[in-house]
Structure formats: structure tokens, C-alpha cells
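Working notes for the structure below.
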Amino acid sequence: MRFQSGKEKWVGVLLWGASLVCYVLAVTIFFTNLNLIVQILLAVVFAVFGIITHSAVIGTVYIIDRGNLRIKSGILIRKTIPLSRIVKVRPVVSWEASAALSHKRLRIYDHTGYWDVSPERADEFIRQLKEAAPYIHLDSDIRS
């Protein structure tokens, strides 16, 4: 099952705005008096930053299938966690850098550490996760 990331409105506006600014800068750099090679390099850098930011805002998803939880955030973050390695899930409030676009998150613990996710339909996400891996411990704050 596929779950889109829940987004805080201001985070969405910030990321879309940053993408737009990068795209505009990538184009307007050609209207400067810089050397053509410098213009091209700067345009590529701005375009790449725009693509990275844009892909994160539209491409952050969490997929539960075939015994795995797959976390995708844009073109940079790809993580597959076998459900058999997940130990615990608990709600957290955090602004730590992660594949979550909201401060209200679910922290997924495995044997090596944790990953934060912020699915739009958190209750359904938890239900699907628990259905796929009934041995996962849910923090008492989570309604299952």
C-alpha cells in the first residue's frame, strides 16, 4: 500500500517557493554578463537544486509491500526496511532532517536506528503496518 507524506502547509509553500526560485535563477543567469561557461555551470547548479527540492515535495512516499517498508523522498532518499527488522513505532514531534514533511511523525525503529515518516493517513498506515507485521510493538500513544 502506498502512502503520501503529510505536509505542513508552510513547508509545502517553502519547498515549492525554493524550487521556483532555483528555476528562475537558472534561467535569469543567462541575462548576466558572466562568461558563458560560468552561466551554464550556475544554471545547472540552480536547476539541480530546484529538481532536488521539487522532487522531495511531490515525491515523498511510504510503501508497505512484499515484507518491506520502502521510504522514498525525492531523488535523494531511498530506504528499504524489512518489516522483520522493525522493532517499534511511536509518535514523535520533531523537525529533525528526515523523509517527513510534517513535524508530527511516526518514528520507525529497527535494529540499527530509526527513520521518521509522516503519512497523510497515519491510522491507516499503522493498521497496514501492523497487519503486515503483527509482531511490531506500537507505543501506547498510538491507536491501533
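Predicted, not measured: the structure shown is a model, and the values here were computed from it. Only heavy atoms go into these numbers, but all of them, side chains included; no hydrogens, no water, no symmetry mates.
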Is there a donor-acceptor pair under 3.5 Å between the side chain of [X] and the backbone N or O of [Y]?
{"X": "E8", "Y": "H103", "result": "yes"}
{"X": "Q39", "Y": "T32", "result": "yes"}
{"X": "T60", "Y": "V57", "result": "no"}
{"X": "K130", "Y": "I136", "result": "yes"}

Open item on the list: For S98, give me all partners under side chain to side chain donor-acceptor pair (under 3.5 Å), at least two apart in sequence or on another chain.
Closed with: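 S98 satisfies side chain to side chain donor-acceptor pair (under 3.5 Å) with R105 only.
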Say whether [X] and [Y], considering side chains only, have a donor N or O and an acceptor N or O under 3.5 Å apart.
{"X": "Y23", "Y": "H54", "result": "yes"}
{"X": "S118", "Y": "S5", "result": "yes"}
{"X": "E96", "Y": "Y114", "result": "yes"}

Open item on the list: Applying side-chain contact (heavy atoms from CB on, under 4.5 Å), can you list everything that pairs with V38, at least two apart in sequence or on another chain?
Closed with: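 For V38, the residues satisfying side-chain contact (heavy atoms from CB on, under 4.5 Å) (neighbours in sequence not counted) are L34, N35, L42.
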Separation of [Y] [atom2] from [X] [atom1] (nearest 0.5 Å):
{"X": "T80", "Y": "R66", "atom1": "OG1", "atom2": "CZ", "value": "10.0 Å"}
{"X": "K88", "Y": "R107", "atom1": "NZ", "atom2": "CZ", "value": "10.0 Å"}
{"X": "I81", "Y": "D110", "atom1": "CD1", "atom2": "CG", "value": "5.5 Å"}

Open item on the list: Closer than 4.0 angstrom, basic N to acidic O: yes or no for D65 and R70?
Closed with: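 Yes, this pair counts.
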Open item on the list: Applying side chain to side chain contact (heavy atoms under 4.5 Å, CB included) to L83 and Y135, what does each step give before you reach the verdict?
Closed with: CA-CA 9 Å; L83 295 178; Y135 47 82; 3.8 Å; yes
Task: Residue pair Y109 / R90: nearest heavy atoms and the distance that separates them - done: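 Answer, listing the atom of Y109 first, then R90: OH-NE, 2.9 Å.
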